Every structure is written in C-alpha cells, then in structure tokens.
There are 2 protein chains.
Amino acid sequence: MRISDGVEWAVHVCGVLAAAPKGQGVPGLKLAEFHELPPAYLAKQLQALSRAGIVAADRGVKGGYRLARAPSDISLLDIVLAIEGTGPVFRCTEIRQRGPCPTPPAACRRICPIARAFLAAEAVWRTSLAGVSIAEMNRAAAAESFDDKRRHQFEAWIADAAR
Amino acid sequence: MRISDGVEWAVHVCGVLAAAPKGQGVPGLKLAEFHELPPAYLAKQLQALSRAGIVAADRGVKGGYRLARAPSDISLLDIVLAIEGTGPVFRCTEIRQRGPCPTPPAACRRICPIARAFLAAEAVWRTSLAGVSIAEMNRAAAAESFDDKRRHQFEAWIADAAR
DNA sequence: TCCAATTCGGACAATTTGTATCCGCTTTAA
DNA sequence: TTAAAGCGGATACAAATTGTCCGAATTGGA
C-alpha cells in the first residue's frame with residue numbers, strides 16, 4: 001500500500017501554479033522542468049487534474065495550465081482523489097459469505113464490521129487531508145524557505161515560464 | 001493506492017483463531033478452507049503474521065497456527081503493519097531540492113510541509129485502526145450474524161479443524 | 001531409535017497491476 | 001499556414017502481487 005509519486009508531484013505543481021501570474025498559463029514542459037520530473041508522465045498527472053476540474057488547460061501556442069479555482073479552495077484530498085481515483089482504499093470482498101460456514105445473506109444487510117472499521121479510519125484520513133489547502137502549503141513553504149534572493153529568483157523563473 | 005486483499009484475509013483469519021479452543025492450533029489449510037481462500041497464498045500472509053508476532057506457528061503433525069496474544073490485544077493496525085509493512089503510505093522524494101530554483105539544504109532541516117500534512121493524516125488513520133481490536137470485531141460479528149444454529153455449526157467446524 | 005506423516009518456512013516463478021514513454025490528433029495564435 | 005501546446009490511445013517497461021515448489025521441523029507410532 002503506497003501513494004503514487006504522482007500525488008506528490010501534483011501537489012507541488014499546484015503550488016507553483018498558485019504563484020503564477022493570474023490568468024496566464026504555464027506549459028506542462030515548464031512545470032516538469034521546475035522539479036526535474038519526467039515530462040511525459042507528469043503530463044498524464046496534469047490530464048488527471050484537468051479532468052477533475054482542479055486545473056484548467058488551454059491548448060494552442062499560448063496555452064498551458066492554470067488553477068481552475070482559488071488555491072484556498074483546493075485541498076490535498078482533492079488532489080489525491082484526482083490522481084489515485086475516488087474509490088475506497090479498503091475494499092471488502094465479502095469472504096464472510098463463502099466457505100463451509102458462511103454468514104447468511106440476511107445477516108449481511110449491513111456491511112461487515114471489519115469493512116466498517118477500515119472505512120471509518122479512511123474517513124478520518126480524508127477529513128484530515130480535506131482540511132489542508134494549497135494556499136496553506138504555499139504559505140508554510142514560503143515562510144520556511146524563501147529569503148528575498150530566492151523569492152526573486154522564483155518570480156523571475158515563473159514570469160519567463162508563463163504566457 | 002489500495003490495501004491488499006491479504007489484510008482483509010488476515011483479519012478474518014485472526015477472528016477465527018480467536019474462537020479456537022485455547023492452546024490448540026489450526027492448520028493453514030483449514031483456515032483457507034473456511035473462507036475459500038487460495039491456500040498457498042494465505043500461507044504467505046500467515047507467515048507475515050507469524051514474523052510480526054501476532055500468531056504463533058507450531059510445526060509437525062499436531063501443528064498449526066494460534067494467536068500469540070489475547071484477541072483484545074491485537075488491533076487492526078497491528079495486522080495492517082504486519083501485512084503491508086511498517087513504512088509510511090506517503091513517501092516524500094524531496095523534489096523541492098531539485099530543478100532550477102531548488103529549496104536550499106539549510107531550509108530543509110524540517111521535512112517538507114506537504115509531507116508533514118500527509119503524515120499527519122496517516123497518523124489519525126493509524127490511531128483509528130489502533131483503537132479496534134480483534135475481540136471487538138468478533139463481538140460485533142457474533143451479535144449481527146450468529147443465531148444458535150449457526151453458532152453450533154461454527155463450533156463444530158472449529159473443533160474438527162483444531163488439533 | 002528410526003521412519004513416515006504432517007505442517008510451517010523460505011526461495012523461486014508467473015501473472016497482474018502500475019509506471020513511464022511515445023506518437024498522432026486537435027486546438028490556438030501569430 | 002505554421003509552430004506550439006494539450007489530449008487520448010497504443011505500447012514498452014518496472015514492480016508488486018499472486019501462486020508454486022521443495023526443504024526443515026515436529027510428532028507419533030513401528
């Protein structure tokens with residue numbers, strides 16, 4: 001059980017897009033370059049973000065990606081669901097209904113207690129991730145690692161990348 | 001991102017072992033039979049449970065598996081960690097330190113804010129699972145799906161399987 | 001005491017799933 | 001019309017999952 005790297009990439013990328021000049025898009029190639037990520041595969045993750053309505057994609061020569069809504073309105077959970085899919089992490093296969101001593105169907109109206117416990121754990125996990133936004137991530141990262149020099153360096157880079 | 005079926009199997013199997021006559025072992029083959037699981041692969045999960053100290057294995061003609069401690073002292077988290085490994089679900093690859101505008105090492109003494117948020121979510125998930133024991137699972141399952149007839153059927157089966 | 005039956009354990013092979021790349025298509029602005 | 005850019009499908013590659021096998025340990029009886 002492991003979260004794919006694509007989720008980490010997508011969160012970082014959304015952080016970059018949140019800092020881009022409003023209304024301008026950043027091409028996928030530039031985004032890959034910023035973190036030295038494999039361009040072709042990052043493109044796949046960007047497609048997923050686009051389908052989920054987290055980023056908007058503009059095609060054509062002045063195209064690129066931009067956030068589809070405010071950074072404060074995009075949570076880490078939104079991104080996880082976009083990349084990993086919305087299905088539950090734990091999937092009950094109802095083995096209790098098989099074998100020589102099966103639980104009868106009448107007793108299976110409610111889902112199995114084991115599945116209930118796992119789904120409850122997953123719910124608190126989701127709630128925790130839903131409470132953290134891209135905006136907060138950027139604030140924390142800036143506070144911890146931006147001095148004036150690096151801020152300027154970053155703004156120059158993104159001004160060049162955006163179009 | 002998905003929890004392997006082995007976790008579900010292991011939880012069910014521990015529930016069966018918790019109901020077995022004290023001090024007697026149940027062979028892996030019988031455990032597989034009870035839920036119609038692939039015997040060879042269930043054996044693999046049982047090995048993992050054994051290595052983690054959740055079940056004890058006795059070899060030889062009177063051998064089999066039994067719980068290594070009280071059912072009330074085995075949590076769902078214990079089983080997840082035994083089967084899936086103890087490593088975190090989210091793994092930060094520190095991409096912030098790469099590319100044309102990297103976060104300098106001095107600013108990376110603390111782990112990345114993104115990783116912090118994911119690890120915090122994982123912590124509440126673990127806490128939730130740690131609060132549920134095999135004993136509670138069995139109580140719930142028995143209350144929901146055992147009538148007198150089925151209880152008798154189950155006890156007959158396990159009396160025959162244990163040795 | 002030795003042998004046969006039974007059972008777990010660990011190394012090995014196969015299959016499925018996920019990861020990563022590439023290429024042709026459509027769209028857009030100059 | 002052309003060059004830049006995202007989209008989706010087809011395809012190779014890697015990894016985890018699933019499954020198999022044979023050896024080691026233990027027991028009970030000859």
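It should be emphasised that the depicted structure is a prediction, and the values quoted were computed from it without experimental measurement. To find a chain, count down the sequence lines: A is the first, B the second, and so on, and within it residues start at 1.
Between A:Lys44 and A:Lys62, the residue whose closest nucleotide on DNA chain D is further toward the 5' end is A:Lys62. Of the two residues near DNA chain D, A:Ala43 and A:Met1, the one whose nearest nucleotide lies more 5' is A:Ala43.
Of the side-chain N and O atoms in A:Arg2, one or more sit less than 4.0 angstrom from OP1 or OP2 of D:dA16. Phosphate proximity of C:dA13 to B:Tyr41: absent, as no side-chain N or O sits under 4.0 Å from OP1 or OP2. At the phosphate of D:dC7, neither OP1 nor OP2 sits under 4.0 Å from any side-chain N or O atom of A:Arg51. Look at B:Ser50 and you'll find a side-chain N or O under 4.0 angstrom from OP1 or OP2 of C:dG9. Here A:Arg163 reaches the OP1 or OP2 of D:dA5: one of its side-chain N or O atoms lies under 4.0 Å away.
Counting any heavy atom pair closer than 4.0 Å across all strands shown, A:Gly64 reaches sugar-phosphate atoms only and no base atom. Looking at heavy-atom distances under 4.0 Å, A:Ala40 makes contact with a base.
One interatomic measurement links the two molecules: CD1 of B:Ile54 to C1' of C:dC8, which rounds to 17 Å at whole-angstrom precision. Residue B:Leu29 contributes atom CG, which lies 14 Å from atom C1' of C:dA5 at whole-angstrom precision. Distance A:Ile3 CD1 to D:dA16 P: 15 Å, rounded to the nearest Å.
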